[in-house]
Every structure is written in C-alpha cells, then in structure tokens.
Student: 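Encoded as structure tokens, here's the structure I'll be asking about.
Keep in mind that the numbers below use all heavy atoms, side chains included, and drop hydrogens, waters and symmetry copies. A, B, ... follow the sequence lines: proteins, then strands. Residue 1 opens every chain.
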Amino acid sequence: MSHAVHDEPGLKMGMPLPNGKLAMWLFLVTEIMFFTALIGTYMILRNGQTSAGNPWPQPHDVHLVEWIGAANTFVLILSSFFVVLAHHYLHINQPGKGAAYLGLTLVLGCVFLGVKAIEYKSKFEHGILPGRVFEKLDGPRGYEYVAKVKEQLKDIVDGKHHVDSKAMDAVKQLLTEITDNKLSPKQVNERVVGTKHVKPVDMPSNPQNVTGILELDSHAPISYSIPWGNLWASCYFAMTGFHALHVLGGLVIFAAPLVKHFIGGGLKPEDGLFVENAGLYWHFVDIVWIFLFPLLYLV
Amino acid sequence: MSVSPSTAPAHAHHEPGFLGKYVFSQDHKIIGIQFLFTSLIFLGIGGILALLVRIKLAWPMAEIPILRDYFPDNAGVISDTAYNMFFTMHATIMIFFVIIPFLTGAFGNYCIPLMIGADDMAFPKLNMLSYWFMWPAIGFAVAGFFVPGGHAGAGWTSYPTLASGSLGVGQGIESPAFPGSGWGQFCWLMAALLVGVSSMMGSVNYITTIINMRAPGMTLFRMPMTIWAMFITAILQAFALPVLTVALVFQLMDKTMGSTFFLPPSGLDFGNYHSGPGGGQPLLWQHLFWFYSHPAVYIMILPAMGIVSDILSTFARRPLFGYRAMIYSIAGIAGLGFIVWGHHMFQSGMDPRLGTGFMVATIMIALPSAVKTFNWLGTLFRGNLQFTTPMLFSLGFVSLFIIGGLSGIFMAATPVDIKIHDTYFIVAHIHYVLFTSSLFGIFAGIYYWFPKMFGRFMSDKWGKVHFFLTFVLGNFTFFPMHILGVAEMRRRISTPQGTILEGGLQNLNIFVSISAIALGLVQIIFLINFLGSIFFGKRCTERNPWKSNTLEWSAPTPPGHGNFDIPPVVYHGPYEYGNFEGKADDNLMQTEKAVGVLPSQTH
Amino acid sequence: MSDHQHGDHAHSHGIQAHGDHSHSHGDAGHSHGAPAHDPSHDAKFKAYLAVFVALCVFTAASFAINLALGHNLTSAALILAVAVVKAALVAYIFMHLNHDWRLVYGIMTPVAILSVMTVIILSIDGALVWGENAPAARGLNDPIEAKVGEGPSKGH
C-alpha cells in the first residue's frame with residue numbers, strides 16, 4: 001500500500017449493503033423487540049400466575065385444534081420456501097417463474113389468514129374472548145354465569161339451538177334445577193362439563209359424579225368455566241392478531257411486484273432487491289409463527 | 001476528483017411550490033426546522049401547564065381571576081382533578097413532544113446529513129412521514145383536554161390499575177377510580193403510540209444514514225460527537241421503543257377490549273364496583289414501561305451531551321479531551337441503560353433480590369458519566385475560552401448536569417430511594433437533568449446552529465441575558481425542591497402536606513413557585529430573540545461564523561437543496577483547534593488537509 | 001508536500017473504503033446476468049429444498065413429541081428446542097445469513113442478547129417470584145389461589 005493510496009479517502013464509506021436492505025434489517029430489529037415483548041409477556045403471565053392446582057388452559061379447553069395450527073405452520077413454511085424461489089429465479093433472470101412463485105406466496109398467505117379466520121370464528125362462537133370468559137365462579141361472576149347458562153338452556157329447549165337427543169334430558173333437568181334455585185354456580189358448571197372434567201378450582205364442595213351435558217354432546221352451545229380463560233384469550237388474540245396483521249402487511253408488499261409484473265411491464269432482475277427485502281420480512285413473520293405455534297398449541 | 005457523480009451538486013430539479021417546500025418537504029433541513037417549531041410551540045404549552053401546577057402547589061385555595069372562566073364551578077380554584085391532568089400532561093408533553101422531538105427530530109434531522117457530508121437522509125420520504133406522524137399524535141394529545149372527564153391524570157407513567165381500569169366489557173372505558181382514566185387516558189395512549197411510531201421511523205432512517213451515507217474519508221472515528229450521540233440514541237430508540245409499543249397496546253386492549261394483562265387475578269373493587277376476574281400482573285406494565293422509559297432518559301440527554309461536546313471544543317479552541325473515551329462512555333451509558341430500568345420500581349413490590357442487581361447496575365452508570373464530565377473539564381482546561389451564548393449554555397449544562405447526576409446517585413441506592421422516591425427530591429433530580437441539562441443543551445444548539453439554519457445571528461446580548469436569568473432562576477426553582485423533598489413533600493399531591501406546613505417550609509414552596517413563574521416569563525426574551533432574529537437578526541454571510549471544524553460549516557449559509565456546493569472530502573477528525581503553520585485561523589476544517597502535526601495528537 | 005501527507009497517516013488506516021457493492025447478495029443479480037443452468041444455482045435450489053423438507057419434518061416432530069409425551073416440562077423443552085432449530089434454519093438459509101451475517105452481526109448480536117436478557121429478567125420477577133409467593137408477597141388475597149395452590153408450577 002503506497003502513501004498516495006492512503007492519502008485519498010475512499011469513495012464509498014459505510015457497509016457494502018444497499019440502504020434498503022440495511023434499513024430492512026434495522027426494521028427487523030425493532031420487530032424482534034416487539035415480538036420479544038409480546039411473547040415474553042405471554043410466557044411470564046402463563047408461568048407466573050398458574051399453579052399445579054390451577055393450571056393454564058389446555059388447547060381443547062379453549063377450542064384450539066393442534067392439527068389446524070400444524071397445517072397453518074406448513075402453509076407458512078411453504079410460502080417462505082416459495083419466496084426464496086421467487087428471489088432465486090429473479091436473481092438468475094427468469095422473471096416469469098419468479099412472478100409465479102410470488103403469486104403462490106400471495107395465495108398461501110391468504111390461505112393462512114383464511115384458516116386463522118376459521119379459528120377466530122370458533123372462539124367467537126364459544127365466547128372465548130377477553131373479558132367474556134366465565135371463571136372464578138365463587139365471586140359475583142358466578143351468578144352472571146348461572147344467568148347466562150339459564151338463557152342458553154332455554155334457547156335449546158325452545159328449539160333455537162339444536163343438541164343431540166341424548167343430551168336433551170340433561171338439558172331439561174338442569175334448566176328445572178336452575179329455575180328452582182337448587183344449584184350453586186359451581187354445581188351448574190359441574191353439570192355442564194361433567195365431574196371428571198371440572199377444573200380443581202371450580203370443584204363444588206360435594207362433587208356428585210355426574211355426566212356432563214358436554215360429554216353427551218360436545219357441540220352443545222353452553223358456557224362453562226375456564227380458569228385463566230380471560231388471560232388466555234387476551235394473550236391469544238394479542239399474539240395471533242399482531243402476527244396476522246404482519247401477514248396482511250406482507251401480502252400488500254408482495255402484491256406490489258406482482259402488479260408491476262402483470263400491469264407495469266414485467267419484473268426485471270433489479271427488482272430482486274425489493275423481493276429480497278420483502279422476503280426478509282416474510283421469513284421473519286414465518287419465524288414468529290414458528291415460535292407462536294408450539295407456544296400456543298403444543299407446550 | 002475522488003467524488004462520485006451522485007454527490008455532485010448539479011440538481012436539475014424544478015422548484016417545488018410553497019406546500020412542497022415548507023409543508024410536505026422531504027428536505028431534511030426543512031423537516032428539522034418543522035420539528036424545531038413544533039417543539040417550541042409545545043415547550044410553551046408544557047411550560048404553561050407547569051406554571052399551573054406550581055400555582056396550585058403554592059396557593060392551593062387561591063381564586064385566580066384569569067382561571068375563573070375555565071374553572072367556573074370552583075371560582076378559579078384549580079381543582080384536584082385538573083391538577084392531576086396538568087402535571088400528567090406537563091410531563092407527557094415535555095418528554096414526548098418537546099425534548100425528544102427537539103433533540104432527535106430537530107437537531108437529528110438538521111445536523112446528521114450536514115455533519116456527515118450527505119446530501120440528504122437515506123430515505124427522505126420516510127423522514128417526511130416521521131414528521132407527519134407527529135401530527136395525529138399531537139391531535140390526540142390536545143384533544144384529550146376536551147374529552148369527557150378531562151385528560152389523563154394518572155401521571156406520565158400511567159401505572160395500572162389506576163390508569164388501565166375500565167368498567168368492564170361493553171360498559172365504557174372509564175375507570176371507576178377517577179374521571180381522567182376514560183377517554184383522556186385513551187387519547188394519552190394513542191398519542192404515545194403514534195409518537196413512538198414516528199420515532200421508530202426516524203431512528204431507522206438515522207442509523208441507515210449514518211452508517212451508509214458518510215462523505216468520503218468520514219470514518220466512524222472522525223464523526224463529531226453530535227453524530228455519535230445521535231447514532232447511539234437512534235439505536236436506543238430502535239431497541240427500546242417496540243417494547244413500549246407493546247405495553248401501550250396491552251393497556252389499550254385492557255381499556256377497550258376487556259383483556260386482562262394488567263388486571264390482578266382477583267380483579268378490582270372500587271366501592272360498589274367489582275371488575276370481572278383478572279389474571280394479569282399490574283407490575284408487568286411497570287417493567288415494560290421502564291424498559292423503554294429508562295433508555296428514554298438517555299435518549300433525552302445523550303444528544304444534548306453530543307451537542308455540548310462539539311460546542312465546548314469549538315469555543316474553548318482546543319481539541320475535545322478524550323474523544324474516543326467520550327464515544328465509549330456514551331456507548332457504555334447506552335448499554336447499561338438497558339439493565340437499570342428496575343431502579344424506578346424499588347418501591348413497587350418487585351422482588352428485592354432483583355432490586356439489588358438493578359441498584360448495582362445503576363450505580364455503575366456513574367462511571368461513564370464521570371468520564372464525560374471530566375473530559376469536558378479537560379477540554380476547557382487551559383482553553384482559550386470564548387464566552388458566546390452557546391458556550392454559556394454549554395457551561396451551564398456541564399455544571400448543572402453534575403448536580404442532577406449526583407442527586408441521581410442518591411436514588412440509585414435502594415434504601416435511600418425508598419425514603420425519597422415519591423417526594424420532591426426526585427422532581428428536583430429529573431428537572432436538573434431534563435431542564436437545566438437537556439434544555440440547556442437544546443438552547444445551546446439553537447444559538448449555535450441558528451446562523452446556519454436561517455442565515456442570521458440571534459442577538460448575543462439578549463442571549464446572554466436569557467442565559468443568566470435562566471441559570472439563576474432555574475436553580476432558584478429546582479434547588480429548593482431537594483430540601484422540600486427531604487422534608488417529605490410528596491410529589492403528585494395537589495396540596496402541601498406533612499412537615500412542609502408544620503416546619504414553616506411553605507414559604508420555600510412559595511419561593512419555588514415565584515421563581516418558576518419568573519423563569520417562565522424569562523423565556524419570552526428567548527422567544528422574541530428567536531422569532532425576531534429570523535427576520536431582523538444580523539446577517540450571517542460567511543460559511544463558518546464560529547470558526548468551527550465540522551462539515552456543516554463548509555456548506556453555504558443557509559445550505560441549499562442538496563446541501564453542499566463543493567462535495568466534502570474528509571481528512572481528519574473534527575476537533576483540530578490550535579496553531580497551524582502558515583495559517584491565520586486556529587481551526588482546521590475537516591475538509592482541509594493537515595499541515596504538520598495535528599493538535600489532537602500533541603495533547 | 002510530504003509533510004502534508006504525514007499528518008494523515010495516523011488516521012488513514014481507519015478509512016473503510018468499499019468501492020463495489022458486489023459482495024451484497026441483493027444487487028449481485030443485475031451486475032452479471034448469470035445463465036440459468038449454472039451448477040451453483042442448482043446447488044442453491046437443492047439447499048432451499050432441503051431446508052424446506054427439514055422444516056416440515058421438524059414441524060411433524062414437534063407435533064409427535066406433543067402426542068407422545070403430553071404436556072410436561074420435557075416435552076416443552078424439546079418442542080421449544082425444535083422451534084429454535086427451525087428458526088435458525090430459516091434465518092441462516094432463507095434469510096441468507098450464511099452470506100450476510102458478517103454484515104449484520106453488529107446489530108443482530110445486541111438485539112439477540114437484549115431480547116433474551118429481557119425475558120429472563122422479567123421472568124425472575126414476573127414468573128418465578130410471583131408464582132411461588134404471589135398472594136402473600138404481593139398483598140393480593142386470592143382465596144381460590146390460597147385454597148388450591150399446592151405449590152409453584154413451572155414450565156407447563
């Protein structure tokens with residue numbers, strides 16, 4: 001290295017990274033901290049509040065189906081794979097294939113959101129929403145619970161909702177007993193879910209080993225107590241909701257190069273940088289789901 | 001010529017109209033000046049709120065004629081609810097709408113591209129967006145005063161369950177505890193959320209710009225301290241703000257959707273009101289909130305430290321003492337800043353074992369802070385001091401930051417903190433750090449860069465009057481608060497209590513209020529000087545009026561679109577002041593090649 | 001003139017001159033339009049496919065662990081370990097960290113440390129302590145908790 005070389009400052013300072021890609025990584029840094037706080041909060045609330053006698057709800061308590069979550073994981077992984085291929089084909093100057101894989105990614109993103117919508121629908125149908133889940137039946141909430149169940153039973157008896165004929169007798173009997181004010185809130189819950197399935201905190205003082213209405217017909221539209229259900233719903237909707245918003249954002253981002261390809265005269269290898277940045281974002285969204293799936297559905 | 005064509009000054013662009021040039025501008029200088037004016041307006045609003053707080057504290061039952069129109073049912077007496085609203089919004093506005101936008105918004109935008117030799121930010125549109133995200137935030141912050149129940153009143157920290165409580169699903173978002181927790185709190189949450197989004201966009205932009213847009217030769221260790229401070233501040237924002245965003249979203253969900261993140265397992269009981277069952281942890285908010293808000297304290301002081309370092313070196317005509325040590329100490333403060341948030345929670349019921357760790361980490365911050373202070377003194381030592389207005393404010397910064405820093409060490413120790421945490425001692429501490437330090441840094445920066453921004457000087461005579469009165473009255477206002485605090489005058493309570501009344505300290509309390517009002521009036525001198533100088537100040541025709549070294553002074557005054565007519569090339573660090581062979585001036589700009597040994601190498 | 005240059009030497013080694021961008025994966029494509037059947041591209045494709053298959057296998061594995069072991073600490077640890085491996089695969093191959101890590105480690109290392117540390121510190125206060133002594137230590141008298149709480153539960 002001669003002195004003359006040293007004397008003239010170089011042309012380009014900074015990192016051999018385009019501004020856009022550097023900014024995308026910085027944006028991902030803020031996103032990592034965002035989801036750290038979101039997921040960290042969930043882990044803390046879940047492990048901090050529960051005890052062996054009063055555990056966190058199991059997936060089937062809250063109508064969460066493991067295989068649907070696994071299928072959605074597969075959808076996102078596949079879409080991530082397609083994004084990589086899209087970038088790969090743009091990179092080697094095959095824009096047609098690149099656009100096709102982008103289109104497939106867009107479709108898979110929509111599939112993911114569709115499945116998510118079905119899952120949300122089942123939560124709404126069963127009233128598993130923040131602040132609306134019944135728990136702590138020995139407080140004032142217990143009497144609200146009894147009133148709610150009474151209303152639901154009446155609807156069934158009046159034929160507004162259908163239940164299996166096996167369960168009809170139990171429904172009618174429970175309605176009579178509630179109308180006669182014979183049962184405490186915890187006993188009502190016992191009759192709904194069956195003594196075997198009553199959570200320890202909701203066990204009445206003299207359990208009677210009854211078969212619950214939900215054991216006879218698991219689809220009967222009757223509320224039951226879910227200890228920690230409100231907190232579970234809060235965490236579930238916060239985490240999956242923000243993840244779904246990010247998926248939605250990703251779909252908008254992927255729509256841009258597709259519009260350019262089909263309307264604006266075709267993708268060029270230069271668009272590889274945009275697709276790569278969009279891909280970085282999409283893979284990050286994928287990674288978030290890779291953690292959300294086991295934390296919500298499996299662990 | 002070692003300059004790439006893209007940085008050449010030939011800009012064949014058409015002149016944008018008034019809206020494009022001054023309102024929806026993508027030019028970093030205009031955006032910086034927009035932030036400057038926005039923050040100045042809010043400095044006025046926040047100041048008026050502070051004076052209302054002080055009036056209530058000194059004369060709790062006084063009927064104030066001018067307030068009669070606003071508090072008709074109280075005959076002009078400020079009610080306790082209004083007092084809660086005033087102190088909450090004073091802090092919120094000063095932190096989120098004054099200090100942070102001033103330092104990172106105004107100075108960050110104006111100085112970063114100019115001082116690193118770039119023609120603009122890396123993403124001008126994102127930059128514009130970050131300014132315009134301030135306006136919905138401002139809308140919410142102002143609208144809160146006019147919603148039913150008044151503005152948020154749970155303090156700027158908005159602790160649950162006081163702030164987050166609500167009437168239950170479908171019944172309304174007000175907490176049964178007090179009126180400001182309804183729509184006012186909602187507005188507060190939205191304002192903080194949007195300010196955070198604005199800051200995050202800004203920080204990504206600043207980091208990218210500083211990493212990738214530097215002029216040829218501007219290595220990392222040739223950057224001025226202002227840029228280093230802005231760089232590390234932007235990193236702090238990028239790391240810490242998302243956590244606050246999550247906390248704000250949780251509280252918003254608790255308020256509007258019935259979620260139970262901050263509602264304790266047994267729920268809440270206020271008189272006849274019983275909430276539904278909870279399950280969350282109120283303390284979690286404090287953790288998440290202070291995870292952001294402690295680094296935010298450094299976001300509010302580090303840029304001021306950078307500005308002051310540059311100004312001290314310029315007007316002491318000496319190289320900055322320990323340039324690298326200054327950078328490492330800023331980085332050290334920032335790094336430690338992430339593991340000390342718990343010192344705000346010593347009294348909260350947090351695990352005491354955790355508190356010990358936080359205490360040790362907090363006391364360690366005194367080390368890098370002391371390094372900075374001694375380096376400032378080392379810079380001044382045997383310097384050829386020029387007492388211009390920016391220099392005076394910088395000297396004020398250094399001296400009063402020491403007082404604020406020392407009172408901070410008291411509170412770092414858990415046992416002492418438990419006694420003085422909720423008293424005026426902590427109010428004195430935060431104001432020594434934020435008013436007499438951050439705001440002094442801001443004033444210094446305004447006086448210093450005003451000629452570059454507007455092509456005219458601010459009046460030096462009135463600047464000095466402004467400094468001396470602010471310095472004296474600032475101390476009169478905030479120093480007695482230490483004494484009041486140790487005498488158990490509690491913060492956030494609208495009437496003087498405890499030993500204040502018994503011990504005859506109420507006179508001191510009244511003295512504080514009178515000083516505060518005088519301090520507020522003194523700022524009118526600054527306002528007139530600032531606004532008047534834009535139109536009638538002495539013209540500044542030269543590029544480098546202060547004979548400084550950094551790149552912004554090599555640009556035309558004021559810089560045009562694209563900043564530099566001669567693309568800058570950097571040959572050495574920014575602090576080369578001293579005697580140079582064959583050179584009349586005692587400064588060596590970063591764009592000038594060195595003759596002989598550089599002053600920074602001989603010291 | 002030679003004096004001139006001397007002043008600079010001490011600093012000039014600090015200059016980080018990077019004339020070209022071609023290290024960067026993102027815009028390498030337009031500088032040389034590579035032929036489609038370059039063997040290195042086939043290798044890349046194979047790597048992507050292998051990662052995709054591995055991700056599917058790992059997802060199935062975590063599902064199987066859940067079915068086989070049920071809900072307990074062991075299965076939780078295993079499933080989360082599998083998740084970490086999956087995330088690492090996506091980051092390393094799909095997000096091209098195998099090429100770009102040397103460029104972004106400066107921001108990714110601090111954020112990784114910070115995020116893990118934050119959760120750990122919060123857990124100390126929020127999960128461990130609260131779980132054990134919650135009602136008494138926090139002054140929250142929760143009759144249900146007091147009655148049925150049979151001790152701390154960690155790691156469901």
Student: For A:K148, is the NZ atom crowded, meaning more than 12 foreign heavy atoms sit under 6.0 Å from it?
Tutor: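 No, NZ of A:K148 has 12 or fewer neighbouring heavy atoms, counting only those of other groups under 6.0 Å.
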Student: When rounded to the nearest 0.5 angstrom, what is the spacing between CE in B:M253 and CZ in A:F237?
Tutor: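 Rounded to the nearest 0.5 Å, the CE-CZ separation comes to 9.0 Å.
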Student: State, yes or no, whether a side-chain contact exists between A:T30 and B:L241 at a heavy-atom distance under 4.5 Å.
Tutor: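 SC-SC contact between A:T30 and B:L241 ruled out.
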Student: Working to the nearest 0.5 angstrom, can you tell me the gap between A:L45 CG and B:L284 CG?
Tutor: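 Taking CG in A:L45 and CG in B:L284, the distance rounds to 5.5 Å.
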Student: Given 3.5 Å as the limit, does a donor-acceptor pair link the side chain of A:S234 with the main chain of B:T260, or not?
Tutor: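 Here the side-chain-to-backbone pair exists.
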Student: Identify the heavy atoms of A:N19 and B:N212 that sit nearest to each other, and give their distance.
Tutor: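 Looks like OD1-ND2, 2.9 Å.
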Student: Would you say the side chain of A:M33 lies within less than 4.5 Å of the side chain of B:F291, judging by non-hydrogen atoms?
Tutor: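 Contact flag for B:F291/A:M33 side chains = yes.
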Student: Give me the contact list for residues 240-250 of chain A versus chain B, heavy atoms only, anything under 4.5 Å, ordered by residue number.
Tutor: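 So the qualifying residues are A:F242.
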Student: Would you give the length of the straight line joining atom OG1 of A:T36 to atom CZ of B:F239, rounded to the nearest 0.5 angstrom?
Tutor: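 Between A:T36 OG1 and B:F239 CZ, I get 11.0 Å after rounding to 0.5 Å.
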Student: At a heavy-atom distance under 4.5 Å, which candidate from A:G229, A:P130, A:G20 has the highest pair count against chain B?
Tutor: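 Top option by heavy-atom pairs under 4.5 Å: A:P130.
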Student: Hey, could you give me the OG1/CZ distance between A:T41 and B:F262, rounded to the nearest 0.5 Å?
Tutor: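 So the gap between those two atoms works out to 7.0 Å.
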Student: Is it the backbone or the side chain of B:M213 that comes under 4.5 Å from a heavy atom of chain A, or both, or neither?
Tutor: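 For B:M213, the side chain is the part near chain A, not the backbone.
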Student: Compare every heavy atom of A:W228 with every heavy atom of B:G279, then report the nearest pair and how far apart it is.
Tutor: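 The pair with the smallest heavy-atom distance is CA-CZ3, 3.7 Å.
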Student: Identify the heavy atoms of B:M218 and A:M13 that sit nearest to each other, and give their distance.
Tutor: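 Here B:M218 and A:M13 meet closest at O-CE, 3.5 Å.
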Student: Answer with side chain, backbone, both or neither: which region of A:A238 has an atom nearer than 4.5 Å to a non-hydrogen atom of chain B?
Tutor: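 It is both, since atoms from each part get that close.
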Student: Which atom names give the shortest non-hydrogen contact between B:T245 and A:F34, and what distance separates them?
Tutor: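 Here B:T245 and A:F34 meet closest at CG2-CE1, 3.9 Å.
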Student: Under a 4.5 Å heavy-atom cut-off, does chain A meet the side chain of B:L288, its backbone, both or neither?
Tutor: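 The answer is the side chain of B:L288.
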Student: Is there a side-chain contact between A:L38 and B:F250, using heavy atoms and a 4.5 Å cut-off?
Tutor: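 Yes. Closest side-chain heavy atoms under 4.5 Å.
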